[in-house]
J.: 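This is the structure I have questions about; it appears just below.
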Number of protein chains: 2
Amino acid sequence: MRPKQQVEKRVADFLEICRRQGVKATHQRTEILRELAGSEEHPDAETILTRVRQRVPTISVDTIYRTLRLLEDSGVIARVGSMRDRARFDANTDRHHHFVCTECEMIGDFYSDAMDQFPVPQEVSEMGSVEGVYVELRGICRKCKQKAMKTEGRTGEKP
Amino acid sequence: MRPKQQVEKRVADFLEICRRQGVKATHQRTEILRELAGSEEHPDAETILTRVRQRVPTISVDTIYRTLRLLEDSGVIARVGSMRDRARFDANTDRHHHFVCTECEMIGDFYSDAMDQFPVPQEVSEMGSVEGVYVELRGICRKCKQKAMKTEGRTGEKP
DNA sequence: AACTCCAATCGTAATAATTACTATTTAAGA
DNA sequence: TCTTAAATAGTAATTATTACGATTGGAGTT
């Protein structure tokens, strides 16, 4: 859970963007962003739906997906966790990267100036202009590693 | 198109892996890999299906997807192009990274020792053990940039 | 070469995430 | 308060991917 103050700051920023862009600042949109901004676990659309429903019981699937696209297009949230069957979302707008556990799909944020300021190879400049970098470190998280060890220890165990 | 020699080398490597792993080296598998290894454009499953069908007309959707998973699990190919509606594949096994055009979805390979040898931040070591790095530079490719300029030039053009 | 066996394939059906549609509701400006 | 176009709810449609059951064929053996 992120600090409430930070969450509300992000919600307020979004309301400002709505005004500027001439889109409506609805209850649903606000609650979806509030939910996402308060979470550190990069939830998927279904998870967000379930949680927001506790506060806005009639909210629909369509609204969730439409809003997530809107927020993404406005640069308020980002899509993370590549190559999976479902999209995961992130309301952390500070420049950062991700660690992804290939076992349990846990996603963690981390910061690295070195990765941010990476010089673009000439090879790439010739392909086009670079506007963003997406870095994902993949591996096994601590929890899964521990679980794996326990399971190994049980080899040959009695039934 | 990649050089034929290189393609056949990769196919031969795969046949060797099949023997070692005790899986059958079928005509379908060979042709799917041959198609992918010969391409530089990181095709999706449907594109591969269409192309392989010209040589193996009865090949099924199931076989395409099953084989792509098999090849991926064997480390012969990789899944690239994150956050899209469909998976894209790459038979280039040399260590490399990707440039992705957010406009037309073109994907290009590039090489960078610096990115390969990137030091893992301590923050991440505490989350788990890193086994791989996925880097994607995102931007607009030359072709799309030119197209955008032309379109801009037409502003106010007569009907 | 013929035989055998089980993995692999084909054709199609099922699944699951995401997007689209339409009647109804609501934010926000007059 | 009144008005209006944008947004929502509920549901249907779409699309990529996976699963299933009957049939085929790779590869080892005789």
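Chain letters run A, B, ... following the sequence lines, proteins first and then strands; every chain starts at 1.
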J.: To the nearest Å, how far apart are Arg69(A) CZ and dT19(C) C1'?
T.: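 One finds 6 Å between C1' of dT19(C) and CZ of Arg69(A), rounded.
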J.: Enumerate all atom pairs, one protein N or O and one N or O from nucleotides 25-29 of chain D, separated by less than 3.5 Å.
T.:
from: dG25(D); atom 1: N2; to: Lys24(B); atom 2: NZ; distance (Å): 3.0
from: dA27(D); atom 1: OP1; to: Ala25(B); atom 2: N; distance (Å): 3.2

J.: Nearest 0.5 Å please: distance from the CZ atom of Arg95(B) over to the CE atom of Met115(B).
T.: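 Between Arg95(B) CZ and Met115(B) CE, I get 12.0 Å after rounding to 0.5 Å.
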J.: Counting the atoms with a prime plus P, OP1 and OP2 as sugar-phosphate, which does Asp85(A) contact under 4.0 Å by heavy atoms, base, sugar-phosphate, or nothing?
T.: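 Asp85(A): backbone/sugar contact only, no base atoms under 4.0 Å.
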J.: Going by atom types only, do Asp109(A) and His98(A) share a side-chain donor-acceptor pair under 3.5 Å?
T.: yes
J.: Distance check needed: dT18(C) P versus Leu68(A) CG, whole Å only.
T.: 9 Å
J.: According to a strict under-4.0 Å criterion, is Ser60(A) in side-chain N/O contact with OP1 or OP2 of dT8(D)?
T.: no
J.: Do His96(A) and Asp90(A) pass the side chain to side chain donor-acceptor pair (under 3.5 Å) test, and can you show the C-alpha distance, the side-chain angles, and the key distance before you say yes or no?
T.: CA-CA 11 Å; His96(A) 67 285; Asp90(A) 187 351; 2.8 Å; yes
J.: In this structure, how many angstroms lie between the C1' atom of dT26(C) and the CZ atom of Arg66(A), rounded?
T.: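 Rounded to whole Å, this separation is 13 Å.
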J.: Return the value, rounded to whole Å, for the distance between atom CD1 of Ile59(A) and atom C1' of dT26(C).
T.: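 From Ile59(A) CD1 to dT26(C) C1': 14 Å.
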J.: Is there side-chain contact between Arg34(B) and Arg10(B), with heavy atoms separated by less than 4.5 Å?
T.: no
J.: Can a donor-acceptor pair under 3.5 Å be found between the side-chain atoms of Asp62(A) and the base atoms of dA20(C)?
T.: yes
J.: When the distance from CZ of Phe89(B) to P of dA16(D) is rounded to whole Å, what number comes out?
T.: 13 Å
J.: Report the nucleotide, chosen from dT18(C), dC10(C), dT17(D), that has the shortest atom-to-atom distance to any side-chain atom of Ala87(A).
T.: dT18(C)
J.: Quick one: do the Arg142(B) and Ser125(A) side chains pair a donor with an acceptor below 3.5 Å?
T.: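 Ser125(A) and Arg142(B) do not have a side-chain donor-acceptor pair below 3.5 Å.
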J.: Find out if a path of hydrophobic residues (ILVMFWY) with successive side-chain heavy-atom gaps under 4.5 Å connects Ile17(A) to Phe89(A).
T.: yes
J.: So, OP1 or OP2 of dT18(C): does either fall under 4.0 Å of a side-chain N or O from Arg84(B)?
T.: no
J.: In this structure, how many angstroms lie between the P atom of dT8(D) and the OH atom of Tyr65(A), rounded?
T.: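 Rounding to the nearest Å, OH of Tyr65(A) and P of dT8(D) are 16 Å apart.
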J.: Once you round it to whole Å, what is the distance between P of dT18(D) and CG of Asp73(B)?
T.: 11 Å
J.: When you match Val56(A) and Ala45(B) each to their closest nucleotide on DNA chain D, which lands nearer the 5' end?
T.: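 Of the two residues, Val56(A) wins.
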J.: In whole Å, I'd like the distance from the CD1 atom of Ile64(A) to the C1' atom of dT8(D).
T.: 11 Å
J.: Which one, dG11(C), dA7(D), dT17(D), comes nearest to the side chain of Arg29(A)?
T.: dA7(D)
J.: Of all heavy-atom pairs between Pro121(B) and Leu137(A), which one has the smallest distance, and what is that distance?
T.: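 Smallest heavy-atom distance, with atoms named: CD-CD1, 4.4 Å.
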